[in-house]
Amino acid sequence: MFTSRAEYRLLLREDHDDILLNEIVHEVGLIDEDHALDINVRKIQIAAVIWRVCRTVLKQTAEANAYLD
């Protein structure tokens with residue numbers, strides 16, 4: 001693969017391409033309204049999980065260390 005195309009390979013992976021291209025394929029008419037809505041719901045759910053993970057703070061305690069061991 002050419003190095004000039006490496007950034008596109010990282011941005012458009014097969015596990016989330018439907019989320020990235022949802023609006024475009026819906027405008028073109030390749031997917032119906034229900035499918036587009038399902039993808040938008042999944043996008044919101046993913047954002048909520050990412051927000052929750054970013055807000056989670058783990059304090060170093062004996063219990064936490066024992067659990068991680």
Side-chain angles (χ1 to χ4, degrees):
M1 175 173 282
F2 297 114
T3 55
S4 63
R5 296 185 186 192
E7 65 273 11
Y8 297 110
R9 180 178 51 85
L10 296 175
L11 293 175
L12 250 186
R13 298 185 328 247
E14 69 275 356
D15 62 338
H16 74 293
D17 58 349
D18 56 343
I19 293 173
L20 294 175
L21 299 174
N22 182 36
E23 293 176 20
I24 295 171
V25 297
H26 180 62
E27 287 176 9
V28 173
L30 296 175
I31 60 174
D32 60 353
E33 188 70 30
D34 292 335
H35 190 85
L37 183 62
D38 290 342
I39 293 173
N40 283 335
V41 168
R42 196 169 91 221
K43 185 177 179 180
I44 292 169
Q45 291 171 340
I46 290 169
V49 169
I50 290 172
W51 180 83
R52 195 169 86 197
V53 167
C54 289
R55 303 279 301 165
T56 302
V57 177
L58 294 177
K59 296 181 180 179
Q60 186 175 1
T61 63
E63 292 174 6
N65 288 337
Y67 179 76
L68 293 173
D69 283 338

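Side-chain atoms are counted along with the backbone in the values below, which use heavy atoms only and exclude waters and symmetry mates. The first residue of the sequence shown is numbered 1, and numbering continues consecutively from there.
- Rounded to the nearest 0.5 Å, atoms CD1 (I31) and CD1 (I24) are 11.0 Å apart.
- Atoms CZ and CD1, from R42 and I19 in turn, are 4.0 Å apart once rounded to the nearest 0.5 Å.
- In this structure, CD in Q45 is found 12.0 Å from CD1 in I50, a value given to the nearest 0.5 Å.
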Would N22 and K43 count as a side-chain contact (heavy atoms from CB on, under 4.5 Å) here? Give the steps. CA-CA 10 Å; N22 182 36; K43 185 177 179 180; over 6 Å; no
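- The nearest pair of heavy atoms linking A36 to H26 is CB-ND1, 3.8 Å.
- Distance CG/L21 to CG/L30: 10.5 Å, rounded to 0.5 Å.
- Of the inter-residue distances, the one linking D34 atom CG with I39 atom CD1 reads 11.5 Å to the nearest 0.5 angstrom.
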